Amino acid sequence: QWRLAELHELATGRGVCVAIIVSGIASSHPDLAGQLIVSRNFVDGRKAASELHGTGVAGIIAARADNGIRIAGIAPQARILGLRACWQDGRSPESPTLCDSFSLVKALYFAIEQKSDVINLSLSGPEDRLIHQLLDIGLSRGITIVAAVDRGRPAGGFPASVPGVIAVSNTSLAPALAQVYTAPGRDVPTTEPGGRWFLVNGSSYSAAHVSGLMALVRQ
């Protein structure tokens, strides 16, 4: 529907820095090899790991194009900062991904200091004052910030509810929530740890689509 093959003739995200703040990304995956210029773990007390959620989000945004295997990301030539501020609580696809405020604050601060062009937040949780302040700083510096909508939380959840943040859902919420964009988020093929690919669902992956699209716009 986005006619990406034609769009990639105009823009591929080249020169644009996208910070992905989520769980661990499998940077050695054959469709992601060489795509991450930075991979940092901000979760205290937990070793760096390759996890389903982060790897899936990264594949949608920046899987390599023209390498003869599987998929291409929305912005396959974007420069990716893989910032682990969340962790997968278990090993099955159904295992929840958890985050804590301190890890998110550290990752956000790093992304802002590195002058990221786009920050992807495929997550949702309770309001946090310090995170809100950092988001406002990022927005004031011209950073595009994209967040996933949680339909179970008021106003779509935080940080999607922050003014200036691009809120994205995998289903239409109008007229229930204003200023929420809809993007693909059902049976989306993407990268999986272990050099595999799988299908994903949810607003996290819709937000990843829009983060990639914003990288094309920024280019």
Side-chain angles (χ1 to χ4, degrees), residues 2 4 7-25 27 31-42 53-65 71-86 99 103-124 131-149 158-168 179-181 183-184 190-191 203-219:
W2 286 13
L4 285 171
L7 191 55
H8 283 168
E9 294 179 5
L10 301 174
T12 55
R14 182 187 295 274
V16 178
C17 181
V18 180
I20 302 175
I21 300 177
V22 67
S23 60
I25 298 170
S27 58
D31 239 359
L32 294 173
Q35 300 297 78
L36 274 68
I37 61 170
V38 170
S39 181
R40 291 284 184 92
N41 177 28
F42 292 96
H53 192 218
T55 303
V57 168
I60 290 170
I61 294 174
R64 293 172 61 192
I71 66 170
I74 306 297
Q77 291 191 321
R79 299 181 296 120
I80 301 300
L81 306 182
L83 310 182
R84 184 182 185 238
C86 310
C99 312
S103 299
L104 289 169
V105 164
K106 290 187 292 183
L108 265 173
Y109 181 82
F110 182 86
I112 293 168
E113 288 301 299
Q114 293 297 308
K115 299 181 179 179
S116 301
D117 298 297
V118 179
I119 296 177
N120 176 86
L121 293 165
S122 287
L123 51 88
S124 182
I131 292 175
H132 199 307
Q133 290 175 338
L134 284 171
L135 293 171
D136 287 341
I137 290 170
L139 292 168
S140 72
R141 295 185 182 182
I143 299 173
T144 301
I145 302 176
V146 182
V149 164
F158 176 85
S161 59
V162 174
V165 170
I166 299 174
V168 188
Q179 297 180 331
V180 172
Y181 293 88
T190 190
T191 45
S203 294
S204 284
Y205 306 105
S206 303
H209 275 83
V210 172
S211 293
L213 188 62
M214 291 300 101
L216 301 185
V217 171
R218 295 292 294 247
Q219 181 190 348

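Predicted model, so just to flag it, every value in this text is computed and none were measured.
No side-chain heavy atom of Val118 sits less than 4.5 Å from a side-chain heavy atom of Ile143. Put simply, the side chain of Ile119 reaches to within 4.5 Å of the side chain of Ile21, judged on heavy atoms. Looking only at side-chain heavy atoms (C-beta outward), Val180 and Val168 stay at 4.5 Å or farther from each other. Val38 places none of its side-chain heavy atoms less than 4.5 Å from the side chain of Ile80. Considering only heavy atoms from C-beta on, Arg40 stays 4.5 Å or farther from Arg84 through its side chain. In this structure the side chain of Leu32 reaches within 4.5 angstrom of the side chain of Ile25, judged on heavy atoms. Residues Leu81 and Ser116 are in side-chain contact: their nearest non-hydrogen atoms beyond the backbone lie under 4.5 Å apart. Two residues are said to be in side-chain contact when any heavy atoms from C-beta on lie closer than 4.5 Å; Phe158 and Ile131 meet this criterion.
Using cut-offs of 30° and 60° for the angle between ring planes, the Tyr205 and His53 rings count as perpendicular.
Put simply, OG on Ser103 and CG on Leu108 are 11.0 Å apart, with the number rounded to the nearest 0.5 Å. Between the NE2 atom in His209 and the OG1 atom in Thr190 there is a gap of 8.5 Å [rounded to 0.5 Å]. Atoms CZ and NZ, from Arg141 and Lys115 in turn, are 8.5 Å apart once rounded to the nearest 0.5 Å. Separating the CD atom in Glu113 from the CD1 atom in Ile137 is a distance of 9.0 Å, to the nearest 0.5 Å. Leu216 CG to Met214 CE: the interatomic distance, rounded to the nearest 0.5 Å, is 8.5 Å.
Of all non-hydrogen atoms in Ala78 and Val18, the two that sit nearest each other are CB-CG2, 4.1 Å. What you find for Gly59 and Thr191 is that their closest heavy atoms are CA-OG1, 3.2 Å. Between Ser203 and Ala148, the closest heavy-atom pair is O-CB, 3.6 Å. Annotation for Val16 and Ala215: closest pair CG2-O, 3.5 Å, computed over non-hydrogen atoms. The shortest non-hydrogen separation linking Val210 to Ala183 is CG2-CB, 3.8 Å. When all heavy atoms of Ser211 and Val146 are compared, the closest pair comes out as OG-CB, 3.4 Å.
Shown here are the side chain to side chain contact (heavy atoms under 4.5 Å, CB included) partners of Pro159, two or more places apart in sequence or in another chain: Leu121, Leu123, Leu135, Ala147, Val162. Remark: Cys17 engages no residue in a disulfide bond (SG atoms under 2.5 Å apart) (not counting sequence neighbours).
When the shell of 6.0 Å around CZ of Phe110 is examined, it contains more than 12 heavy atoms from other residues, nucleotides or ligands. Counting non-hydrogen atoms of other residues, nucleotides and ligands closer than 6.0 Å to CD of Gln179 gives a total of 12 or fewer.
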Q | Verdict with supporting geometry, Leu104 and Cys86, side chain to side chain contact (heavy atoms under 4.5 Å, CB included) | A | CA-CA 8 Å; Leu104 289 169; Cys86 310; 4.3 Å; yes

Q | Candidate pair Ile74 and Ile61, rule side chain to side chain contact (heavy atoms under 4.5 Å, CB included), full reasoning | A | CA-CA 5 Å; Ile74 306 297; Ile61 294 174; 5.9 Å; no

**Q.** Stepwise side chain to side chain contact (heavy atoms under 4.5 Å, CB included) check, Leu213 with Leu7
**A.** CA-CA 10 Å; Leu213 188 62; Leu7 191 55; 4.1 Å; yes

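The pair Asp117-Arg218 meets the salt-bridge criterion, with a side-chain N (NZ, NE, NH1 or NH2) lying under 4.0 Å from an Asp/Glu carboxylate O.
Every pair passing side-chain hydrogen bond (donor to acceptor under 3.5 Å, both in side chains) that includes a residue from residues 71-81 is listed here, sequence neighbours excluded: Thr12-Gln77, Arg14-Gln77.
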